[in-house]
Every structure is written in C-alpha cells, then in structure tokens.
Amino acid sequence: MAKGLMVTYALWAMGGPVGLHHLYLGRDSHALLWMITFGGFGVGWARDFFRIPAYVSEANNNNLAETEGGQHSRRRTHNAVPPSPSPARFAGQVCVGIYFGTVALIGLNSLNFFYLLVLPLSVGAGVHLVSSVGSQTSDLQKTLTTCLITSPIFYGSNVSPLPISLAAAITANQHRRFKMAEPPGPLCLRLYRLSLALLAFSAPMGYCIFHNTTATLYYISDCVASVLEMFWFLPWLRGVFEYLLLLPYRLFSVVTGGIGYSEEAWRKVMEILLNEYTEKERLALKVLSLSEEATPEDITLRYRELVKIWHPDHNPHQPVEAQQMFIKIQDAYEILHRRRRPRHKR
C-alpha cells in the first residue's frame, strides 16, 4: 500500500520524537532509534522535516519493487554498490555509541567483565543500530570485534565510550552496504520486537535509577564532566558540546511551553534528589550508628572508631564475627564516601 506524504508529516508532528512516522513507513530500525534517543536528541527529529519526502519515496519504491520484482529485486539490492559515506550517519553512530555506552556505565557497571565485554557490546549495539537505519546496514560482527579490541585499552575510564564509538563507527563505515529489501511484516510482530528492544535498553537504567537515584545522578555528572574536561584547550568547543548535551531538555521545555524551565525550580529539584538518601545509604548509616544529619566529618570519625573496635586483631576471642563486622563497616563507609566525594571542577 502506497504511503502518503501528508500522513507522514502528520505523524511526524504528533509523535515524531518517538518515531511514529518511521514506524508508518516500515523503517523499524529508525523508529527504534528515535524511541531510544527521543528523536535523535531532538536534532534528528527536526532534520526529518526536510527528509520526509525522500523517506516516503523510498518506502513506496520498495513496496513497488516487492510487488513487481520479487526475489530478483531483493538480490539486486543486496549486490548493489556500497552506499556513499555520510558524515551525518557517522556522527550519529559516534553519538549513539557514546549514549549506549554511558547508559551501560550507569546501569551495568557492577557486572563482572564489564569493561571487557558488557561495555563494548553496548557501544557496538548503538553504533550498529545507526548503521541499520534506512536502506543501509553494516557488518555487525566486525563492528563488535572492533569494540572488544578497543575497550581494554581504555579499561576503567569514564570516557571510554568515546574512543570505542569512534573505532566502531570507522569500522561500520568501512563495511557499509545496502540491506536486502524485505517486506516489513505484520504490525503486531514489529511492535512486539520493538517492545523487546526497548525493554532490553531501558530495564538496567530504570532499575539503577529506581534503587539508587543519588549515585546515578552523581555518575551521570562525573561522565559529563570527564567528557567536557577533554576540551579544556578549546573553550568554545566545550561550550558547544555542553549546549548540545542540554539540547533535549531545552527542546522539551519549548514543546511544553516553557513548563519546568525555571532555573531556580530545577536547582531545587536537584537539591532534593541529591540530598535524598537511598535505601542502601540508610542501611550504611545504620551500620555506623549515625543519623541522616551526619556530616562527612562525623562519618569519617565514626568509621575510624568502629574500625579500631572491630579490627580482627583486636578481637581474638571472636575472629569470625569481628571479620564480618569489619567488612560491613568498610562497605558502609565506602557507600557513604561515594555519596560525599568531591565533585569535578567545572
């Protein structure tokens, strides 16, 4: 069935940031990308306004080819000359790779072999998602292999998603090709697949934020600060990058008519969030026998007192109990210390 230009524009206006117009055109990879990044961080959604006629034409041509050409059409598309390189696609691959990597750093960094396996696979998935937008795709295996090789070089760094994304994007562009033209399939099946992909992306982040809001905010702040500090020698570039990071929030404020754009209100919300203890931190305070009003100095002083009391060398008559308590005290202090650690200078 032919796709209508006006219908596509209407869907772009009503639900463009979550990819409704791409879903209508059968561009499921593009729709998923928009759902995860809220319209390509707002920039891609705005760019779509000028690209929609080409998208509609491409969708109608594919439908016509499927009707008339059948298997021959799919074979011809697959064996075509590789598409021309696109700076916009390359930039998108790097940005989404960093985005996926940062989400993994926030939600999954406690897993074993995180920097050796989880982080590179997350970055590679983001880069390949952009590579698969529209009629193009790339070699997933080579992209992931590049990520796995690059990740150990930057082991333990908050900015590791950046070099991994760059390496993966270069590899993906070297192996770009056209997709085999296939019919989109039933809508219910497509929505089911998109739901599973969204759940896989959002579940770790949602769990982390729900159970440890303060630590998550701190980690996001640290990641952003680390990236911004890379541009210390070019203040104007740092300013541009910082503006782009805040662009989704600014666009949301414009769409909602300025609701929530008050700087004072935003500071108040952040103050409430950062001062709210998580359940894990409350348990840590209980272990150290401290109240929520305890200062950093109180926490350190109490920690030193309890360490002296429960050190295994000072408790030869109950070594097992002392060892267990000693570990609990150290863990509790570490949890509270991460909350109170000094912030990066801006």
Side-chain angles (χ1 to χ4, degrees), residues 1-41 44-45 47-49 51-80 83 86 89 92-93 96 99-100 103 121-122 124-141 143-144 172 175-206:
M1 185 176 65
K3 304 299 181 181
L5 181 63
M6 296 308 298
V7 174
T8 306
Y9 269 114
L11 291 173
W12 172 86
M14 292 186 297
V18 292
L20 287 185
H21 55 303
H22 290 302
L23 189 64
Y24 167 70
L25 296 175
R27 301 167 60 88
D28 289 356
S29 296
H30 213 154
L32 176 61
L33 178 63
W34 259 217
M35 292 174 188
I36 291 175
T37 63
F38 199 70
F41 312 110
W45 175 46
R47 182 174 178 266
D48 277 353
F49 179 83
R51 298 283 299 162
I52 282 178
Y55 293 154
V56 173
S57 176
E58 179 183 330
N60 289 331
N61 288 339
N62 288 341
N63 290 338
L64 182 62
E66 280 296 325
T67 302
E68 297 180 353
Q71 191 67 29
H72 173 71
S73 171
R74 290 194 292 271
R75 192 181 303 113
R76 182 187 60 197
T77 302
H78 180 63
N79 295 329
S86 168
R89 185 179 292 264
Q93 289 169 333
V96 175
Y99 175 52
F100 272 53
V103 170
L121 292 181
S122 300
V127 172
H128 187 71
L129 178 58
V130 180
S131 302
S132 301
V133 162
S135 61
Q136 299 185 30
T137 187
S138 185
D139 191 315
L140 175 60
Q141 183 176 352
T143 300
L144 293 180
H175 298 89
R176 64 188 182 277
R177 56 181 171 80
F178 285 107
K179 293 178 182 176
M180 292 182 64
E182 296 287 350
L187 180 60
C188 57
L189 180 59
R190 294 164 56 201
L191 292 176
Y192 174 71
R193 290 171 177 170
L194 287 173
S195 299
L196 289 180
L198 283 172
L199 181 62
F201 176 83
S202 59
M205 174 72 86

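FYI, the numbering just counts along the sequence from 1. Computed from heavy atoms alone, side chains included, the values below leave out hydrogens, waters and symmetry copies.
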Looking only at non-hydrogen atoms, find the nearest pair between [X] and [Y] and report the distance.
{"X": "V133", "Y": "H30", "value": "CG1-ND1, 3.2 Å"}
{"X": "S138", "Y": "S131", "value": "CB-CB, 3.8 Å"}
{"X": "L144", "Y": "G124", "value": "CD2-CA, 3.7 Å"}
{"X": "P53", "Y": "L5", "value": "CA-CD1, 3.9 Å"}
{"X": "Y24", "Y": "K3", "value": "O-NZ, 3.1 Å"}

How many angstroms lie between [atom1] in [X] and [atom2] in [Y], if you round to the nearest 0.5 Å?
{"X": "M6", "Y": "I52", "atom1": "CE", "atom2": "CD1", "result": "10.0 Å"}
{"X": "R27", "Y": "L33", "atom1": "CZ", "atom2": "CG", "result": "10.5 Å"}
{"X": "L191", "Y": "R193", "atom1": "CG", "atom2": "CZ", "result": "11.0 Å"}
{"X": "H128", "Y": "Q141", "atom1": "NE2", "atom2": "CD", "result": "11.5 Å"}
{"X": "T143", "Y": "L129", "atom1": "OG1", "atom2": "CG", "result": "12.0 Å"}

Are any non-hydrogen side-chain atoms of [X] and [Y] less than 4.5 angstrom apart?
{"X": "P17", "Y": "W34", "answer": "no"}
{"X": "L194", "Y": "L23", "answer": "yes"}
{"X": "Q136", "Y": "S132", "answer": "no"}

TODO: Begin with the C-alpha distance, continue with both residues' side-chain angles, and end with the deciding distance and a verdict on side-chain contact (heavy atoms from CB on, under 4.5 Å) for F100 and I36.
DONE: CA-CA 10 Å; F100 272 53; I36 291 175; 3.9 Å; yes

Open item on the list: Once you measure the plane-to-plane angle for W12 and F49, does it fall in the parallel (<30°), tilted (30-60°) or perpendicular (>60°) bin?
Closed with: tilted

TODO: Compute the centroid of each ring, for H21 and then for Y9, and state whether the two points are separated by less than 6.0 Å.
DONE: no

Open item on the list: If you take the centroid of each ring, where Trp contributes its six-membered ring, are F201 and Y99 closer together than 6.0 Å?
Closed with: yes

Open item on the list: I need the single residue from D48, T8, D28 that forms a side chain to side chain donor-acceptor pair (under 3.5 Å) with H22. Which is it?
Closed with: D48

- [ ] Give the intermediate values and the outcome of side-chain contact (heavy atoms from CB on, under 4.5 Å) for residues V96 and V127.
- [x] CA-CA 6 Å; V96 175; V127 172; over 6 Å; no

- [ ] Would you check, one step at a time, whether the test side-chain contact (heavy atoms from CB on, under 4.5 Å) holds for K179 with S29?
- [x] CA-CA 12 Å; K179 293 178 182 176; S29 296; 3.9 Å; yes

Open item on the list: What verdict does the side-chain contact (heavy atoms from CB on, under 4.5 Å) test give for R176 and R89, after you've listed the backbone C-alpha separation in whole Å, the side-chain angles of each residue and the deciding distance to 0.1 Å?
Closed with: CA-CA 11 Å; R176 64 188 182 277; R89 185 179 292 264; over 6 Å; no

